[in-house]
Amino acid sequence: MKNFSSFTSAISVACSVAALSLSVHINALADSGADAVYQGLGQKAGIASFVQDFVSIITTDDRISAAFANADKERLGFLLTEQFCELSGGPCKYSGKDMNSAHEGMNISNTQFNALAEDLQIAMDKHDIPSSIQNKLIAKLAPMQRVVVTK
């Protein structure tokens with residue numbers, strides 16, 4: 001009977017360890033879930049904060065500022081916040097035009113597109129967003145280059 005009691009205690013301990021291990025694994029999966037980039041960007045408030053700096057940077061960057069000369073900067077920031085929030089797995093829904101319509105007639109070059117991407121990284125760096133999170137957001141934005149670049 002003593003051996004049986006030791007055996008059941010060992011099984012109980014093993015089950016507890018397995019349950020703890022499974023719980024840790026499930027939490028790790030949740031942290032790497034669909035909204036991990038959103039969380040890494042600081043959720044909607046964090047996104048809005050770096051977007052405010054991003055809009056300031058792009059509207060003063062000599063390489064691309066002309067494209068934003070007549071832009072409503074407040075609306076641009078609002079739409080970029082929505083777009084980055086949605087793309088990063090957050091609860092937002094982008095309410096702006098599709099990328100083709102939004103950039104129609106702007107004749108954007110690869111150089112200009114890349115300048116904008118550099119400015120985005122500068123804004124995120126300023127807000128101490130980890131480079132791994134920055135890279136994930138930029139990877140989600142990269143396919144837009146095919147639509148936006150027309151020159």
Side-chain angles (χ1 to χ4, degrees), residues 12-151:
S12 178
V13 169
C15 286
S16 294
V17 169
L20 179 60
S21 175
L22 181 60
S23 174
V24 168
H25 182 67
I26 288 171
N27 286 336
L29 287 175
D31 288 343
S32 66
D35 73 341
V37 175
Y38 174 71
Q39 297 298 327
L41 293 171
Q43 301 177 343
K44 188 172 181 180
I47 294 168
S49 183
F50 80 74
V51 163
Q52 185 176 8
D53 285 331
F54 177 51
V55 170
S56 179
I57 294 166
I58 63 177
T59 57
T60 58
D61 182 338
D62 291 338
R63 300 173 296 172
I64 57 175
S65 61
F68 302 101
N70 298 319
D72 176 344
K73 292 169 187 62
E74 188 174 322
R75 178 149 173 77
L76 177 62
F78 174 80
L79 291 172
L80 287 170
T81 298
E82 277 186 346
Q83 185 179 52
F84 295 169
C85 177
E86 181 177 352
L87 284 172
S88 66
C92 308
K93 296 294 175 210
Y94 174 66
S95 62
K97 296 178 181 179
D98 65 84
M99 292 299 97
N100 192 29
S101 299
H103 299 90
E104 188 174 14
M106 292 180 74
N107 297 316
I108 298 170
S109 69
N110 274 317
T111 302
Q112 292 168 315
F113 186 89
N114 292 337
L116 186 106
E118 288 172 21
D119 290 345
L120 176 58
Q121 286 184 297
I122 290 167
M124 290 190 288
D125 279 341
K126 184 176 178 184
H127 290 264
D128 298 320
I129 296 170
S131 59
S132 61
I133 298 295
Q134 291 183 33
N135 291 340
K136 289 176 183 174
L137 177 61
I138 289 171
K140 292 176 183 289
L141 294 167
M144 292 179 191
Q145 184 175 14
R146 289 186 298 272
V147 176
V148 171
V149 173
T150 58
K151 183 175 165 184

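For the numbers below, each heavy atom of this structure counts, side chains included, while hydrogens, waters and symmetry mates do not. Source: prediction; values computed, not measured.
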* Asked: Would Asn107 and Gln112 count as having a side-chain donor-acceptor pair, cut-off 3.5 Å?
  ->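 No, because no side-chain N or O of Asn107 sits under 3.5 Å from a partner of the opposite role on Gln112.
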
_Would Leu137 and Ile133 count as a side-chain contact (heavy atoms from CB on, under 4.5 Å) here? Give the steps._
CA-CA 6 Å; Leu137 177 61; Ile133 298 295; 5.8 Å; no

Minimum heavy-atom distance [X]-[Y], with the two atoms named:
| X | Y | value |
| --- | --- | --- |
| Pro130 | Gly40 | CD-O, 4.3 Å |
| Gln134 | Ile129 | NE2-O, 2.8 Å |
| Asp62 | Ser65 | CA-OG, 4.0 Å |
| Phe113 | Ile108 | N-CG2, 4.1 Å |
| Val148 | Met99 | CG2-CB, 4.3 Å |

State the [atom1]-[atom2] distance between [X] and [Y], to the nearest 0.5 angstrom.
| X | Y | atom1 | atom2 | result |
| --- | --- | --- | --- | --- |
| Lys140 | Gln83 | NZ | CD | 12.5 Å |
| Gln43 | Ser49 | CD | OG | 13.5 Å |
| Ile64 | Leu116 | CD1 | CG | 4.5 Å |
| Ile138 | Met124 | CD1 | CE | 4.0 Å |
| Lys151 | Met106 | NZ | CE | 11.5 Å |

| said: Within a 6.0 Å radius of atom NZ on Lys73, are there more than 12 heavy atoms belonging to other residues, nucleotides or ligands? | reply: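 Yes, because the 6.0 Å sphere around NZ of Lys73 holds more than 12 heavy atoms from other groups.
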
Mark yes when over 12 heavy atoms from residues, nucleotides or ligands other than Gln52 sit less than 6.0 Å from its CD; otherwise mark no.
no

Donor-acceptor contact present, side-chain [X] to main-chain [Y], <3.5 Å:
| X | Y | value |
| --- | --- | --- |
| Thr81 | Gly77 | yes |
| Glu82 | Cys92 | no |
| Asn114 | Asn110 | yes |
| Tyr38 | Lys44 | yes |

Per side chain to side chain contact (heavy atoms under 4.5 Å, CB included), Leu41 is matched among Asp35, Val51, Ile47 by Ile47

field: Test side-chain contact (heavy atoms from CB on, under 4.5 Å) applied to Thr111 and Arg63, step by step
entry: CA-CA 9 Å; Thr111 302; Arg63 300 173 296 172; 6.0 Å; no

Here the disulfide bond (SG atoms under 2.5 Å apart) pairs for residues 99-151, sequence neighbours left out, are none

Evaluate the ring planes of Phe84 and Phe54, with Trp represented by its six-membered ring, and classify them as parallel (under 30°), tilted (30 to 60°) or perpendicular (over 60°).
->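 Tilted.
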
Take Glu118 and Asp61 through the test side-chain contact (heavy atoms from CB on, under 4.5 Å) and record every step on the way to the result.
CA-CA 11 Å; Glu118 288 172 21; Asp61 182 338; over 6 Å; no

